[in-house]
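Let me begin by presenting the structure, written as structure tokens, before commenting on it.
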Amino acid sequence: MDYDFKRIEEEWQKAWTDQKLYRADMKTPREKYYVLEMFPYPSGRIHMGHVRNYTIGDVVARYKRLKGFNVLHPMGFDAFGQPAENAAIKNNTDPEAWTLKCIEWMKKELLRMGFSYDWEREISTCLPEYYRWNQWIFLKMYEKGLAYKKASSVNWCPSCETTLANEEVVDGGCWRCHTPVREKELEQWYLKITDYSDRLLADLSQLKNWPERVIAMQKNWIGKSFGVEIFFKLEDGGVLRVFTTRPDTIFGATYVVLAPEHPLVKELIAGKRQEQEVLGFLEKVAKESKTARVAADVKKEGRFTGAYCVNPVNGEKLPVWVADYVLMEYGTGAIMAVPTHDQRDFLFAKEHGLPMKVVIQPADEPLLVETMTAAFETEGVIVNSGKFDGMPSEEAKKKIGQWMEEKMTGKVAVHWRLRDWLISRQRYWGTPIPIVYCPSCGTQPVPDKDLPVRLPKNAAFTGEGGSPLAKSREFVETVCPACGQKARRETDTMATFIDSSWYFLRFCSPRCENEPFDKKEAGYWMSVDQYIGGIEHAVLHLLYSRFFTKFLSDLGYARIAEPFDRLLTQGMVLKEGEVMSKSRGNIVDPDAIIKNYGADTLRLFILFAAPPEAELDWNDKGMDGAWRFLNRVWRLADGISRGTAPSASDRLNAGPSALMKKMHQTVKKVTSDMEGGFKFNTAISSIMELVNEIYKLPEPEQCSQEAAQAVRVIVLLLAPFVPHISEEMWRMLGGQASVFTAAWPLFDPGLLIEEEASYVVQINGKVRSKIVCPADMPEQEVQKAALSDPRVKEWTAGKTVKKVIIVPQKLVSIVIS
RNA sequence: GCCGAAGUGGUGGAAUGGUAUACACGUCGGUCUCAAAAACCGAUGGGCUCACGCCCGUGUGGGUUCGACUCCCACCUUCGGCACCA
């Protein structure tokens, strides 16, 4: 008889909820442990990615609970976002009602998986009691000058009809719908994340328990580069500032290039012979999309402006060009070109017949412009550079920078790739930006006492461009908080990544009414000890959350530098090596699996099939395997619950049995797998070995008292992975209270000591024999035993033994000539 | 180009420098059965051998070592991030 997963799972889910087993509070001397999984967007249904993410988190939470920690394990919904609004446009529904319905469905599915959440802490970011604090935080940033509005060229998704942050543009397309992003000139709200560039980069080194690749991705994204800003005097007057990371090549500069958008271009060409041609070029570049312009294989184009500037280090007169390969957004929007030592400059100079000059060459051979086929970009020795000649180029990098600073011809500078965070969205279903525009007072923040600025209930969702908020008179028309005159509200809403940038703090005191979160609660629970989620948030959410945490910490609220102590990025769930997706039609629906096998089998399969960080290929046969294993354990527990037989009498005097030893070894192995980085797959496999060990006993022995003891331990070890069946078996075996109020088993190190050691005997590195010796046999004796082994004798006959190496309890390695 | 991760049986995957392939899937064989399913037991890297065994084998080529999937050097391939970033 297979075990009745349906009854068991339903019964225990209800019992756990009724008992409020997972409720967390501060009133306990036990050490706190905050485990959090990235909360979902409430699409209404969970998918395998959620199942994997949340199962991993649940195992951690349950394990830590068994280990005696005071565990906080909350769940909520990242509930603002476009799908609700799109549904509103399509079906004429209310986004809020639609979202709340989806949350209800989704919550049901999460409950069916048996996840141990403290549902009393549930939050939904679309509710005013949550989003008012988004507004509050925004206003604090506004107060500190960190939230500001500026007109700029922004990323625009024509399909979503809204702006996007840099982080939301993936391969030139919208992260959500992949539509190619366009540029648009708009006045928008930004958060000054760049004020935190330094700390966001430096504090990455504190994150010792984050995956290296996430650290690397954030470093890449922040993109700090050291260099020098060099001042080139223009012939027509004024100074041109150029940023370079290669000051060691300054003597080799033969021309200077401006980005087409550079404000100086038009000034420089005014009245010159080249004016019309350059203007035409600027126009042409302006028409090109950024993605096309930035494509690697496109030929670089440029024009001479007719202007000249002076190289401050040697007084050489350099022509000023404008070219499409220089970007306004990076550095100063102007570069010095050194064709001999920069490949792009090299190609451009060849194309336009510009001069070249070698200033670095390999130590052993001179470099000649005439024979160069590519730029020499590696380290070398400085030449043709006045007093720096003969210096290694790496040293010259520093020295030249310093020298230019002294001579006031440049200054050492740092440039960042990170841009400020564009947060305005021209959509309805998000947090209204709490700003009022008054004809007399200008931009006015909404006072705290007037928060939240609520979304209007009856907005019109026509889908015909523009935000529904802008069309809602009830919303737009207001009075100026400063002077009381008629004024209008900002109609953009905030990017939804704002919502998830501090929700982990809200979970500490989700019902807090006069602050975003209670400082004492946050002080107790934060930081998150273990955070678990997908790698897709490596830059976006994880960078924004770090920024918000630092800001709130500066305000005196969070008092921690980093929000997430340990981070685990779980691998994707694939089907036949491909991502599961609707378009591929290869989705495995968790709900159907739960119906056929139960939540425990699904959890076990997902945990067993691959390590948590690795990709996991879905396999129906693997599900069968997990199901078979649970039934194997179930039958043991069932047999034992019907009465145990005494253990074979001769065991009593013969010391601990093989089974008891194996049991203690298993406890040790599973515990170390859990502590040493959540190696669930190998933890489960060692439990399987212990189960197999019991099955190998003659049948009556399978319900002996020793077997009963082993099965009780198995149930405890399995509890974090498969909670329902474990709880049921625990009660069958006599447990009075929940297995989750029990303690994680300990192992007896004394029982791990073997009396006999089995030695592998290697001859010249190859295994030739095995011998068994008493564990405490001295090395001399072991060596003797090995050398007198008949198989070893055969191999050593007629040879000289040159060396014998003994690894205690393990192996004898014999070297013969 | 820079940065990061990874290459192990038919498959998913195990292995503090010490018996490579634990555990599981699949396959084959057996027990039970009138039969099948389920369950239980056994075998299962490749080659040679009647057999005891022997040889080869962790992407490739070197090196260190008594001993290398593991450490070092040089490559190859795959995946991911960044990138006309000056």
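Both backbone and side-chain heavy atoms feed into the values below; hydrogens, waters and symmetry mates do not. All of these numbers come straight from a predicted model, not from anything done at the bench. In the text below, chain A, chain B and the rest are named by the order of the sequence lines, each starting its count at 1.
Across the protein-nucleic acid pair, A/Lys802 atom NZ and B/G67 atom P stand 11 Å apart, rounded to whole Å. Put simply, CZ on A/Phe243 is 13 Å from P on B/C85, counting in whole angstrom units. If you take CG of A/Leu607 and P of B/A24, they are 17 Å apart, rounded to a whole angstrom. Put simply, CD on A/Glu229 is 14 Å from C1' on B/C85, counting in whole angstrom units. Computed from coordinates, the A/Leu540 CG to B/G81 C1' distance equals 12 Å when rounded to whole Å. Here B/A86 presents its C1' atom at 12 Å from CG of A/Asp248, a figure rounded to the nearest Å.
The glycosidic torsion of B/G46 lies more than 90° away from 0, placing the base in the anti range.
Between B/A15 and B/C32, the two P atoms lie 40 Å apart (nearest whole Å). For B/G12 and B/U16, the C1' atoms lie 25 Å apart once the distance is rounded to whole Å. Going from the P atom of B/U77 to that of B/A51 covers 43 Å, rounded to whole Å. Taking the P atom of each, B/C25 and B/A39 are spaced 10 Å apart, rounded to whole Å.
Listed by chain and residue number, A/Arg635, A/Val691, A/Asn692, A/Tyr695 satisfy the side-chain contact (heavy atoms from CB on, under 4.5 Å) test with A/Arg632 (two or more places apart in sequence, or in another chain).
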> Which letter, B, S or -, goes with each nucleotide of nucleotides 2-22 of chain B from 5' to 3', with contact meaning a protein heavy atom under 4.0 Å?
Replying inline: -SSS------BSS-B-BB--B
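Using the Watson-Crick or G-U wobble rule with both distances under 3.5 Å, B/G4 pairs with B/C79. B/G18 is paired with B/C66 under the criterion used here, namely a Watson-Crick or G-U wobble arrangement in which both key atom distances are under 3.5 Å.
The listed nucleotides are B/G26, B/C56, B/C23; the one nearest the side chain of A/Met688 is B/C23. Among B/A86, B/G26, B/C41, the nucleotide with an atom closest to any side-chain atom of A/Tyr695 is B/C41. For A/Thr244, counting side-chain heavy atoms from C-beta on, the closest listed nucleotide (B/G26, B/C82, B/A86) is B/A86.
Nucleic acid contact for A/Gly625: sugar-phosphate only, since backbone atoms but no base atoms lie under 4.0 Å from a heavy atom of the residue. Using a 4.0 Å heavy-atom cutoff across all strands shown, A/Arg791 reaches sugar-phosphate atoms only and no base atom. Counting any heavy atom pair closer than 4.0 Å across all strands shown, A/Trp627 reaches no nucleic acid atom.
Between A/Asn692 and B/A24 there is a side-chain polar atom (N or O) within less than 4.0 angstrom of OP1 or OP2.
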